[in-house]
Amino acid sequence: MRTTELFAPTLREVPAEAEVISHQLLLRAGFIRRDAAGIYTYLPLAIRVLKKISQIIREEMDRQGGQELLMPIIQPAELWQESGRWDVYGPELFRLRDRHDREFALGPTHEEIITALVRGEVNSYKQLPLLLYQIQNKYRDERRPRFGLLRGREFIMKDLYSFDRDNEGLQVSYMKMHEAYTRVFRRCGLRFRPVEADSGAIGGSDTHEFMVLADSGEASVLFCENGECEYAANVEKAAPACATADSGEDQKPLGEVLTPGSHTVEEVAEFLRMPPHKIIKTLLYETEKEVVAALVRGDRDVNEIKLSNALTCLRLKLAGPDTVRDVTGAMVGFAGPVNLKGVKIVADPEVAAMVNAVCGANMDDTHLTNVNPVRDFTTDIVCDIRMVRAGEPCPRCGGALLEAKGIEVGQIFKLGDKYSKVLGAFFRDESGQSRPVIMGCYGIGVTRTMAAAIEQNNDKDGIIWPAAIAPYHAVVVPVSTKDESQMAMAEDVYGRLVGAGIEAMFDDRPERAGVKFKDADLIGYPLRITIGTKAITNNQVEIRVRRTGEVMIIPVDELDKYVMELLGRL
Ligand code: ATP
Ligand code: MG
């Protein structure tokens, strides 16, 4: 390809709406243009990258026995009503009507369609296992589409669904996908981690997210400092190490103390001159079913995802001051579990182990002292409901946990019989008995992976593509377009590279060398091959490695060999 023919309109200015570097660079380097919030046109350079990522994904899915198909984007509402998701999916689902007033959705995911396909076609254990996938546009009317391709409303996803006879089969499929994802992201040249993730209130099944580590990531990941221990989890899921040991203190008689104006744990701790971990933090929440008091130690925070899972509720929000007054009789800041009526009490195990603690007295400006669980209050549920923080011990090996930001580029998930049961995908086992197909689902954000690759590989001058997903491997730049011998040599070099199967761009524009070098850096070709005066006098060209700035002078005859070798390392 020649630059004079390439459609890649570059921009000099950084567009104001682009907050993250991948969004800025994709716009500036002429990879994408925006059509509406979270909706983009992918220009020719972007298509080349997306095709490479998709090809890597295809090869790894096929290696594990996956078979590609293509399902419709437009999905009938009836299937979503059957699965029960038409109502729960909420405003994220794009809905539309046809001319006969029939309702449809634009697919945000394809469990319904694929389960309906399998229920019609699979009826015997002999047809299982099956791994089916597609690479296709997905539609989600995200509350806040932002960060360019990282969170779009129309985006490309690879989604694979596994169908097995039983849980053992599912485990095999799950591990195959775990391996495939690891290979995909490694081949794409990304630094990433598979992390344990939350699987939601229903199930308790296994799920892992694949996180590309980058400061712009929206997710927080905790991982063990100890390289051999592979513990890593989304902060939403991270488990605490064992609860604290018994302090051996004797229980003292319950007391009451005035704490005027001390609402927060910090204020109470300072007022009573005691450490925050001796205080019980009581937070009141409302769910669609009830009011709940969540108890964690004063130096901890409630993890609302763990709390929703413990309560198996769909909605959870902090109770407002009126509700707090109604259920405790006091203003916000003085709630406590002692004599708290009509409220479900959920305590973290650390709270259950406290001795002589302080908590709100359910009276304005008053706290209780020497509070002891069991003796002074009862709990409905004791389970882990707190956030784990960096610096705490690893639940697996005791080493310290470190924190990093991550971009979720993929997720693998055990669904079990959740969809097969409601949608009626059953098969007959060896003994002729009817059983639900056991499913898993596995997604990779193709467009998000492209953006994540840029988040991880850039500098002040532009993108630094890993060679495996670069739009072109090398750009050939004649220093002076006016010099006919340089142009002839550049043409020759370009021809040689293309002949050797190297994807080359020939920058044949009549521009100053500086302009062409700047664009080469911005677009991020892994290699730049410069044809200057030496090329003519000594038959030598200069290769510059985008990532390291390393420069080599190479005889033209050996160029393709060097380029091949360098690309293998990038
Ligand atoms: P998130 O938590 O970031 O909203 P998700 O967990 O809802 O994502 P999944 O349903 O697991 O997403 O989808 C599989 C993959 O699709 C994700 O790992 C991600 O790479 C990609 N993806 C999801 N939503 C978007 C989006 N709005 N824009 C681009 N890619 C997305
Ligand atoms: Mg996900």
Side-chain angles (χ1 to χ4, degrees), residues 14 17-27 38 53 140 142-152 155 157 178 181-182 184-186 188-200 207-227 229-241 300-306 386-396 399-413 443-460 462-466 469 524 547:
V14 179
E17 88 256 15
E19 297 164 66
V20 294
I21 193 74
S22 62
H23 191 192
Q24 293 169 6
L25 289 174
L26 285 166
L27 287 166
I53 297 172
R140 294 184 186 178
E142 298 270 358
R143 191 165 53 91
R144 287 187 68 197
R146 57 185 180 156
F147 302 152
L149 300 190
L150 287 176
R151 187 169 295 286
F155 56 95
M157 197 204 284
H178 195 290
Y181 277 40
T182 303
V184 164
F185 296 120
R186 193 179 293 147
C188 288
L190 300 171
R191 275 173 287 118
F192 67 96
R193 268 177 190 277
V195 308
E196 291 178 15
D198 174 62
S199 59
T207 178
H208 285 84
E209 291 166 338
F210 284 73
M211 296 282 192
V212 160
L213 304 176
D215 289 338
S216 54
E218 291 181 280
S220 286
V221 177
L222 291 174
F223 59 97
C224 184
E225 60 171 354
N226 176 358
C229 170
E230 288 184 342
Y231 184 76
N234 189 316
V235 72
E236 295 174 347
K237 167 79 176 177
R300 308 295 195 194
D301 293 304
V302 171
N303 179 327
E304 294 184 357
I305 293 187
K306 290 181 180 175
R386 74 173 179 90
M387 299 294 297
V388 173
R389 300 286 181 202
E392 287 193 42
C394 165
R396 211 171 277 169
L401 290 176
L402 304 175
E403 188 166 1
K405 290 286 173 202
I407 301 169
E408 182 202 315
V409 285
Q411 182 163 21
I412 59 178
F413 205 101
I444 294 181
V446 179
T447 38
R448 187 184 279 185
T449 297
M450 172 164 81
I454 298 174
E455 291 293 327
Q456 226 176 38
N457 298 282
N458 69 78
D459 64 12
K460 64 175 189 355
I463 306 171
I464 307 174
W465 288 110
I469 59 171
R547 186 177 294 281

Asker: Go through S22 and F147 one step at a time and tell me if the side chain to side chain contact (heavy atoms under 4.5 Å, CB included) criterion holds.
Answerer: CA-CA 8 Å; S22 62; F147 302 152; over 6 Å; no

Asker: Count the heavy atoms belonging to other residues, nucleotides or ligands that lie under 6.0 Å from CG of D215, then report whether that count exceeds 12.
Answerer: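 Not more than 12 within 6.0 Å, no.
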
Asker: Without hydrogens or angle criteria, can the side chains of R547 and N457 be said to hold a donor-acceptor pair below 3.5 Å?
Answerer: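 Checked: R547/N457 side chains pair up, N/O donor to acceptor below 3.5 Å.
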
Asker: Heavy atoms only: give me the nearest A453-W465 pair and the separation to one decimal.
Answerer: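 Where A453 meets W465 most closely, the heavy atoms are CB-CZ3, 4.3 Å.
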
Asker: Tell me the closest heavy-atom pair linking A197 and Q411, and the distance in Å.
Answerer: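 Answer, listing the atom of A197 first, then Q411: CB-NE2, 4.3 Å.
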
Asker: Could you pull out the closest heavy-atom pair between R386 and K306, with the gap in Å?
Answerer: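 Smallest heavy-atom distance, with atoms named: O-NZ, 2.9 Å.
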
Asker: What I want to find out is whether R396 reaches E196 closely enough, with some N-O distance under 4.0 Å, to be called a salt bridge.
Answerer: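 Yes.
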
Asker: Between Q24 and A18 (side chain of the first, backbone of the second, donor and acceptor by atom type, cut-off under 3.5 Å), is there such a pair?
Answerer: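 Here the side-chain-to-backbone pair exists.
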
Asker: State the CG-CD1 distance between N458 and I21, to the nearest 0.5 angstrom.
Answerer: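 Rounded to the nearest 0.5 Å, the CG-CD1 separation comes out at 5.0 Å.
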
Asker: What's the verdict on side chain to side chain contact (heavy atoms under 4.5 Å, CB included) for H208 and Y181, showing C-alpha distance, side-chain angles and the deciding distance?
Answerer: CA-CA 11 Å; H208 285 84; Y181 277 40; over 6 Å; no

Asker: Using a 3.5 Å distance criterion without hydrogens, assess whether the side chain of K237 forms a donor-acceptor pair with backbone atoms of I305.
Answerer: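 A pair under 3.5 Å: no.
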
Asker: Side chain of R146, backbone of R151: donor and acceptor closer than 3.5 Å?
Answerer: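 Not a single qualifying donor-acceptor pair exists.
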
Asker: Would you call E455-K405 a salt bridge at under 4.0 Å N-O?
Answerer: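 The answer is no: the pair does not qualify as a salt bridge.
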
Asker: Find the distance between CG (L401) and CG (N226) and round it off to the nearest 0.5 Å.
Answerer: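 CG of N226 is found 11.0 Å from CG of L401.
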
Asker: Using the rule side chain to side chain contact (heavy atoms under 4.5 Å, CB included), only one of L150, I53, I469 pairs with M450; which is it?
Answerer: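 With M450 as partner, L150, I53, I469 yield a single side chain to side chain contact (heavy atoms under 4.5 Å, CB included), made by I53.
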
Asker: For R300 and E392, run salt bridge (Lys or Arg N to Asp or Glu O under 4.0 Å): C-alpha distance rounded to whole Å, both residues' side-chain angles, the deciding distance at 0.1 Å, then the answer.
Answerer: CA-CA 12 Å; R300 308 295 195 194; E392 287 193 42; 3.4 Å; yes

Asker: How far does CZ of F185 sit from CZ of R191, to the nearest 0.5 angstrom?
Answerer: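 The distance works out to 15.0 Å.
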
Asker: Could you check whether any side-chain heavy atom of E408 comes within less than 4.5 Å of a side-chain heavy atom of R448, counting everything from C-beta outward?
Answerer: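 The answer is yes, as the side chains (C-beta and beyond) meet within the 4.5 Å cut-off.
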
Asker: So, applying side chain to side chain contact (heavy atoms under 4.5 Å, CB included) with F210, which one of V195, I412, I444 is it?
Answerer: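 Only match with F210 under side chain to side chain contact (heavy atoms under 4.5 Å, CB included): I412.
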
Asker: Looking only at atom types and distance, does a side-chain atom of Q456 sit under 3.5 Å from a main-chain N or O of L213, one as donor and one as acceptor?
Answerer: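 Present.
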
Asker: Check whether any side-chain N or O of Y231 sits under 3.5 Å from a backbone N or O of E225 as a donor-acceptor pair, and report yes or no.
Answerer: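 Side chain of Y231 to backbone of E225, a donor-acceptor pair under 3.5 Å: no, none is there.
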
Asker: Determine whether F192 and T182 satisfy the following criterion, side chain to side chain contact (heavy atoms under 4.5 Å, CB included), listing intermediate values before the conclusion.
Answerer: CA-CA 9 Å; F192 67 96; T182 303; 3.9 Å; yes

Asker: Any idea which heavy atoms bring V388 and A238 closest together, and the distance?
Answerer: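 Reported closest heavy-atom pair: CG2-O, 3.3 Å.
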
Asker: Quick one, D198 with N234, criterion side chain to side chain contact (heavy atoms under 4.5 Å, CB included). Give me CA distance, side-chain angles, the key distance, then yes/no.
Answerer: CA-CA 8 Å; D198 174 62; N234 189 316; over 6 Å; no

Asker: Where is the tightest heavy-atom contact between P395 and A239, given as atom of each residue plus distance?
Answerer: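 Scanning both residues, the minimum pair turns out to be CG-O, 3.4 Å.
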
Asker: Would you confirm whether N303, through its side chain, and E236, through its main-chain N or O, come within 3.5 Å as a donor-acceptor pair?
Answerer: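 Checking the backbone N and O of E236 against the side chain of N303, a donor-acceptor pair under 3.5 Å is found.
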
Asker: Of the non-hydrogen atoms in M211 and G406, which two are nearest, and what is the gap between them?
Answerer: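 Heavy atoms of M211 and G406 come nearest at SD-C, 3.9 Å.
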
